Peer 1: 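Okay, here's the structure, questions in a sec.
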Amino acid sequence: MAATATMRNAGGAVPAADQPMDPKRVIAFFAMVFGMFMSILDIQIVSASLAEIQAGLGAGADEIAWVQTSYLIAEVIMIPLSGVLARILSTRVLFALSAAGFTMASALAATATNIEQMIVYRAIQGFIGGGMIPSVFAAAFTIFPPSKRNIVSPIIGLVATLAPTIGPTIGGYISHAMSWHWLFLINVIPGILVTAVTWSLIDFDEPELSLFKKFDWWGLASMALFLGTLEYVLEEGNAKDWFNDEHIVLGTIAMLIGAVVFFYRVFRVDFPVVDLRAFTNRNFAFGSLFSFVMGVGLYGLTYLYPLYLGRIRGYDSLMIGETMFVSGAAMFLTAPVAGALSSRLDPRVMMMIGFGGFSVGTLLMTGMTADWDFYELLLPQILRGCSLMLCMVPINNIALGTLPPERIRNASGLFNLTRNLGGAVGLAIINTMLTQRSDEHYARLSEHITWSNPAALNWLNNVGGNYDSYGLDGASAAVKKLAGVVTQQSWLLSFIDVFTGLTLLFFSLIFLTLLIKRPAAAAPAGSGH
C-alpha cells in the first residue's frame, strides 16, 4: 500500500511504452519547458548589456557585476531545495508559484532606480526562478514512457544549453533596439501564460503537507550559507585577488562552517533538505560528474568567446551576439539528430563523439590570432554547439533515466546543481588563468622589447616618424602603441593557454566514459530505496 502511495506521489509508475500520452500533460510539460527556458536565459541575457544597465542606474564598475552574481547565488540555493519543496507542495503548486514569483520579480527589476534595488530584485528572481529548472527534468523522466525519451531528452537538453548560449545575443538585440528595461519586461506576458497553464494542467503528483512538520530549517540555513558563499567566492575571487581580500577569506570560512553543518544534518536527520543518496547510484554519480564538466564547457565558452571579441577585436554587444548565434543555431539543428541517435547508439559512444568534437573545437582555437573574425570562429563554434547536444542527451539519460520515479525529483535538483557549480568553478579557474597567464606573458614579451633590440627600435622609429608627420609627439605615441600591442598579445597567449586546458579536459573525458555501465531500462517504481 505504501509503495502504491509512493508511486502515485512520484508521478505514477513509468507508463507502458505503448500507452498514449495525455494531451493535457504534454501541454503542461511544454509550458514548464518554456518557464525553464526563461529562468536559464535570464542568467546570461544581461551579460551583454551590463554597461547599459550600469549607466541607467548610475552604478560603479565593482557594483554592476552583482546584477548577475546575486541571481546566481540565489538560484544555486533554490535548485537543490526544489526536490523537497516539490514533495511537500506538489509539482503544480511549486512550479506555478515559481513562475508567478519570477514574473513579478522580472517586472520589479525593470522598475529599479538604483543598483541596490536591482540586486534585491535579481536575487528574488534567481531564487524563485530556480524552482522551475529541476521540476522540468523530473517531469520528463516520470510522466513520459521510456519510448518517448528520444524526443523529450533532446528538448530539455536543448533548452538547458541553448538558453545560456543565446542569452547574450538576445540581450544585445533587446538593449540596442529598445532599452535595458525590456530585458526584464519581456518575461512578463510569457510568465503570466506559463503560470496560468501550469496551474491549470499539471496533475503529476499530490502534495504531502505533513512533511512540512519534519522540514529541516537548520539544514536549509546551512545549505544556503554553504552554497551562497561558495558561489560568491568563486564569482568574486579573481577580481579581489583571492585570499588577499578579507571578504573572500571571511566568505571561505563561512562556506566551510556551512558545509560542515549541512553535511552533518543531511546524514543525521530523518527528512534532510537534500537527499544525497542518489549519488550511491553509479550512473547518476558519473552523469553528475559529466554534467559538472559540461557546465565548465557551456558557461566557460559562453564567457570566453565574447571576451575575446570584445577585448581583442573591439566588438560591441550586438556584434558579439551576432557572432555567437552560430553556436545556438548548431545546437538547435543538432537536437533532433541527437534524439534520433539516442535510440540507436550506445550513449557512451554518443558521449565519446561529443567530447571528441568539443576538444577538436577548442584545439582549433589554440591557433587563434588577433585577426580572427566571424569566419575563423565559425567551425569551432559549430563543433561546440553540435558536441554539446550530443553530450547532453546521453548524460541526462544516464543520470536520471535509470532512477525510480520517487527518487527523480530530488535527484534532478542535484543534477542541475552540478551543471551550475561546474559553470561557477570553471569561470573562476578561467578568470584566474587569464589574469595570471597574461601577466606572465606580458613580463616575458617585455623582456624582448628593450633599447638593445634593433627590431623594436626600428618599429618605434617608423611608427614615431608616422605620428611626427602629423605634428604629434611621435616618440611617446609609438611607445604607448607598442605597450598596447604587447598587452594585446599577452591576452591572446593567455586565451590560447585556456583553450589548451579545455582541450585536455574534454579529451580526458573520452576515457572516463569507459567507466560507465551501459544503462539498462528505467528502474521500476518500487525499487531503488
Side-chain angles (χ1 to χ4, degrees), residues 37 40-41 44 47-48 153-173 290 293-310 312-313 315 318-342 345 349-369 371-396 419 423 426 430 495-496 498-507 509-510:
F37 179 77
I40 300 177
L41 183 74
Q44 295 290 348
S47 63
S153 202
I155 291 170
I156 57 172
L158 178 65
V159 169
T161 51
L162 184 66
T165 305
I166 66 169
T169 307
I170 293 174
Y173 271 112
F290 288 127
V293 181
M294 290 312 294
V296 176
L298 174 64
Y299 290 103
L301 291 189
T302 304
Y303 173 75
L304 275 171
Y305 280 111
L307 192 66
Y308 163 78
L309 292 168
I312 307 293
R313 300 292 301 157
Y315 279 22
L318 189 62
M319 292 162 74
I320 290 170
E322 287 169 347
T323 308
M324 292 288 289
F325 187 72
V326 173
S327 285
M331 284 178 197
F332 193 79
L333 294 172
T334 310
V337 178
L341 287 175
S342 66
L345 264 185
V349 175
M350 269 185 82
M351 285 163 67
M352 284 179 172
I353 295 167
F355 292 141
F358 205 99
S359 54
V360 170
T362 50
L363 182 64
L364 290 173
M365 290 299 293
T366 59
M368 69 199 300
T369 69
D371 299 320
W372 274 34
D373 218 320
F374 179 85
Y375 292 104
E376 287 83 2
L377 298 177
L378 189 63
L379 184 58
Q381 286 209 83
I382 290 171
L383 281 168
R384 172 200 171 205
C386 297
S387 303
L388 268 171
M389 283 311 303
L390 289 174
C391 294
M392 279 299 285
V393 172
I395 288 171
N396 291 347
R419 188 176 63 251
I430 285 168
F495 276 115
I496 290 170
V498 171
F499 279 114
T500 304
L502 287 171
T503 303
L504 294 172
L505 172 67
F506 278 88
F507 190 72
L509 289 183
I510 297 172

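No hydrogens, no waters, no symmetry mates; every other heavy atom, side chains included, goes into these values. The model shown is predicted, which means the values in this text are computed figures rather than measured ones.
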Peer 1: What pairs with Phe506 under ring pair (Phe, Tyr, Trp, His ring centres under 6.0 Å), at least two apart in sequence or on another chain?
Peer 2: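 Phe506 satisfies ring pair (Phe, Tyr, Trp, His ring centres under 6.0 Å) with Phe358 only.
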Peer 1: Within the 4.5 Å heavy-atom criterion, are Leu304 and Val498 side-chain neighbours or not?
Peer 2: yes
Peer 1: If you measure from CG on Leu388 to CD1 on Ile395, what distance do you get to the nearest 0.5 Å?
Peer 2: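 Reported value, rounded in 0.5 Å steps: 9.0 Å.
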Peer 1: Can you name the residues that form a side-chain hydrogen bond (donor to acceptor under 3.5 Å, both in side chains) with Ser359, not counting sequence neighbours?
Peer 2: none
Peer 1: Show me the donor-acceptor pairs within less than 3.5 Å that the side chains of residues 327-340 make with the rest of the protein, sequence neighbours left out.
Peer 2:
{"from": "Ser327", "atom 1": "OG", "to": "Gln381", "atom 2": "O", "distance (Å)": "3.3"}
{"from": "Ser327", "atom 1": "OG", "to": "Gln381", "atom 2": "OE1", "distance (Å)": "3.2"}
{"from": "Ser327", "atom 1": "OG", "to": "Arg384", "atom 2": "NH1", "distance (Å)": "3.1"}
{"from": "Thr334", "atom 1": "OG1", "to": "Ala330", "atom 2": "O", "distance (Å)": "2.5"}

Peer 1: Would you check if Leu502 and Val296 make a side-chain contact, meaning some heavy-atom pair closer than 4.5 Å?
Peer 2: yes
Peer 1: I need the minimum non-hydrogen distance between Leu364 and Pro380, along with the two atoms involved.
Peer 2: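 So the minimum-distance heavy-atom pair works out to CB-CG, 4.1 Å.
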Peer 1: Run Phe290 and Met392 through side-chain contact (heavy atoms from CB on, under 4.5 Å) and show every step you take.
Peer 2: CA-CA 9 Å; Phe290 288 127; Met392 279 299 285; over 6 Å; no
Peer 1: Please lay out, stage by stage, how Leu341 and Ile353 fare under the test side-chain contact (heavy atoms from CB on, under 4.5 Å).
Peer 2: CA-CA 11 Å; Leu341 287 175; Ile353 295 167; over 6 Å; no
Peer 1: Which atoms form the tightest heavy-atom contact between Ser387 and Gly354, and what is the distance?
Peer 2: CB-O, 3.1 Å
Peer 1: Pick from Leu504, Leu509, Ile510, Leu505: which one makes a side chain to side chain contact (heavy atoms under 4.5 Å, CB included) with Phe507?
Peer 2: Ile510
Peer 1: Using side-chain heavy atoms (C-beta onward) and a distance below 4.5 Å, is Met365 in contact with Phe495?
Peer 2: no
Peer 1: How long is the gap from CG on Leu390 to CG on Leu383, to the nearest 0.5 Å?
Peer 2: 10.5 Å
